[in-house]
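In what follows, every chain begins at residue 1, and chains take the letters A, B, ... in the order their sequences are listed. Because the structure is predicted, anything quoted here is derived from the model rather than measured.
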Amino acid sequence: MSILFYDKLIVLKGVDKKIEKLAQANDERQELWQMVEEIVHHKVLGCCLTHLPQKHHHEFLEMFHDAPHDKKILKYLNEKTKKNIKKIIRDEIKNLTKDLLFLDSHKV
Amino acid sequence: MSTTAQNTSFRDLLKLKSIETQKSFRTNFPDAHQFLLGKGLELKSLRQYSAKLISAGALTGTLLLSPPSGATLVPTPLDIVQNVDNSSGDMVPQEEFINTLKKLLPSEVRPLARDEEKRLEIVIRDILNVNSKATLEGEHLNTTYGFIGAEQHLKRYPGDILENHGPYYKEGIAPGLGAWGYFAKSKLQLNPALVETEKWYSVVQTLYLPDWNSRQPYLRDWYKHRKLLIINTVNGNAVITAIADSGPAAWTGKQFGGSPEVMEYLGGSRYKKGAVLVFFVDDPENKIKLGPVDYNDLSGKDLLKI
């Protein structure tokens with residue numbers, strides 16, 4: 001059991017190193033971590049809702065609200081979406097990692 | 001470009017991305033957004049919210065834990081004490097400790113329920129001779145069983161450099177400061193106790209504690225240099241550390257961090273990440289020294305090859 005049901009799927013390789021390099025003060029670092037966290041939560045929930053048929057949205061949200069740590073949610077999502085939701089979340093996070101690593105690389 | 005300017009630029013872009021992601025969520029899933037809003041659940045505080053639920057569940061025994069494999073065989077605290085007392089005289093304490101941990105810990109690394117923690121406190125007291133608590137003075141970490149990762153040295157005073165932190169140079173020195181700033185205001189004010197504190201420092205995710213923001217400055221002071229017992233659950237190596245930084249970020253897959261010295265002792269020079277137990281040390285008179293816990297009486301016995 002993790003703090004959130006998708007915790008084990010969320011590894012943003014290299015993003016922490018990037019933040020550590022840029023933010024020297026602990027408060028700044030934590031502010032950036034918090035922003036990344038917020039993006040991750042929205043992306044993952046959005047990902048789940050995109051693949052889950054609309055008729056199950058309310059039930060899923062109730063489950064999520066009652067026990068966001070419960071891994072049964074993954075099982076539920078797999079059943080209702082008939083897809084490998086773990087892979088879908090991992091792919092979403094892989095794309096997000098790339099976005100974050102190159103976020104400030106397009107400046108003129 | 002200076003680091004500060006780069007940070008400002010990255011911060012602004014990150015903020016923008018965060019706003020865009022939230023907007024996109026609201027637009028694509030208005031019902032879900034309304035649902036969460038109605039429940040008063042803000043996704044930016046999701047981790048703290050979940051930690052609070054888990055903590056409440058663990059206390060009341062209603063936590064929806066998948067029972068660890070062989071859960072029905074988990075010994076009672078009395079069994080554990082008797083087993084430790086009657087253990088074979090030929091067994092090295094470390095071997096006995098590792099075997100006991102295998103029986104008590106779940107196969108998956110996860111937050112432990114309070115009764116699991118209580119059993120471990122007994123085993124730790126009896127074998128390691130350290131009085132440790134998962135909950136101390138009402139405080140409890142979000143997890144006591146998680147993954148630790150290697151951290152860099154911390155600057156102890158203004159102008160401190162890596163070369164002052166021998167013999168472990170490989171990890172480097174963090175460009176920023178720990179969550180509690182410098183250990184001393186100047187090199188002159190750095191005393192031997194503070195040198196030991198940095199040497200054996202650990203990192204915990206105070207920022208994700210459910211009440212971290214609402215119970216300031218009490219919690220900040222309470223956690224500063226708080227002694228922790230960290231145990232490598234694979235080889236039984238144990239070390240007393242002091243909390244000196246907050247982290248790591250949740251999305252690193254780790255819940256704790258250890259100084260180069262802590263990591264070297266726990267698992268050797270190649271040890272970068274591993275499963276550990278983390279308990280507070282109950283040491284009201286500040287008598288317990290930081291550093292390795294030497295609990296092997298090896299007179300006439302072979303050292304464990306770990």
Quick test of your reading: applying salt bridge (Lys or Arg N to Asp or Glu O under 4.0 Å), list the pairs with at least one residue in residues 148-160 of chain B, sequence neighbours left out, ordered by first then second residue.
B/R156-B/D160
Under 4.5 Å from a heavy atom of chain B, the part of A/I19 involved
side chain
Answer with side chain, backbone, both or neither: which region of A/Y6 has an atom nearer than 4.5 Å to a non-hydrogen atom of chain B?
side chain
Output yes when A/D104 and B/R11 qualify as a salt bridge under the 4.0 Å nitrogen-oxygen rule, no when they do not.
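No, A/D104 and B/R11 are not salt-bridged.
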Quick one, B/K44 with A/E37, criterion salt bridge (Lys or Arg N to Asp or Glu O under 4.0 Å). Give me CA distance, side-chain angles, the key distance, then yes/no.
CA-CA 7 Å; B/K44 69 174 179 186; A/E37 271 270 291; over 6 Å; no
Test your reading of the model: is there a side-chain donor-acceptor pair from B/T21 to the backbone of A/I39, 3.5 Å cut-off?
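Side chain of B/T21 to backbone of A/I39, a donor-acceptor pair under 3.5 Å: no, none is there.
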Counting N and O atoms only, with roles assigned by atom type, does the side chain of B/Q22 sit under 3.5 Å from a partner on the main chain of A/H42, one being a donor and the other an acceptor?
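Side chain of B/Q22 to backbone of A/H42, a donor-acceptor pair under 3.5 Å: no, none is there.
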Give the C-alpha distance, both sets of side-chain angles, the deciding distance and a yes or no for side-chain contact (heavy atoms from CB on, under 4.5 Å) between A/L4 and B/L46.
CA-CA 8 Å; A/L4 300 171; B/L46 179 60; 3.7 Å; yes
Heavy atoms only, distances under 4.5 angstrom: which of A/E20, A/E62, A/K18 has the most pairs with chain B? Name it, please.
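Top option by heavy-atom pairs under 4.5 Å: A/E62.
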Taking A/L49, A/D7, A/D27 one by one, which has the highest count of heavy-atom pairs under 4.5 Å against chain B?
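Ranked by heavy-atom pairs under 4.5 Å with chain B, first place is A/L49.
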Determine whether A/K21 and B/P175 make a side-chain contact, defined as any pair of heavy atoms from C-beta on separated by less than 4.5 Å.
no
B/E108 and A/K71: salt bridge (Lys or Arg N to Asp or Glu O under 4.0 Å), yes or no, with the steps?
CA-CA 12 Å; B/E108 180 198 17; A/K71 277 197 182 148; 2.3 Å; yes
Ring pair (Phe, Tyr, Trp, His ring centres under 6.0 Å) evaluation trace for B/Y49 with A/H65
CA-CA 9 Å; B/Y49 167 76; A/H65 175 259; 5.7 Å; yes
Could you go step by step and tell me if B/K15 and A/E31 meet the salt bridge (Lys or Arg N to Asp or Glu O under 4.0 Å) rule?
CA-CA 10 Å; B/K15 185 78 199 164; A/E31 187 198 4; over 6 Å; no
Scan A/T97, A/V11, A/I93, A/V36 and name whichever one has a side-chain contact (heavy atoms from CB on, under 4.5 Å) with B/W251.
A/V36
Take a 6.0 Å sphere around NZ of B/K272 and say whether it holds more than 12 heavy atoms from other residues, nucleotides or ligands.
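Yes, NZ of B/K272 has more than 12 neighbouring heavy atoms, counting only those of other groups under 6.0 Å.
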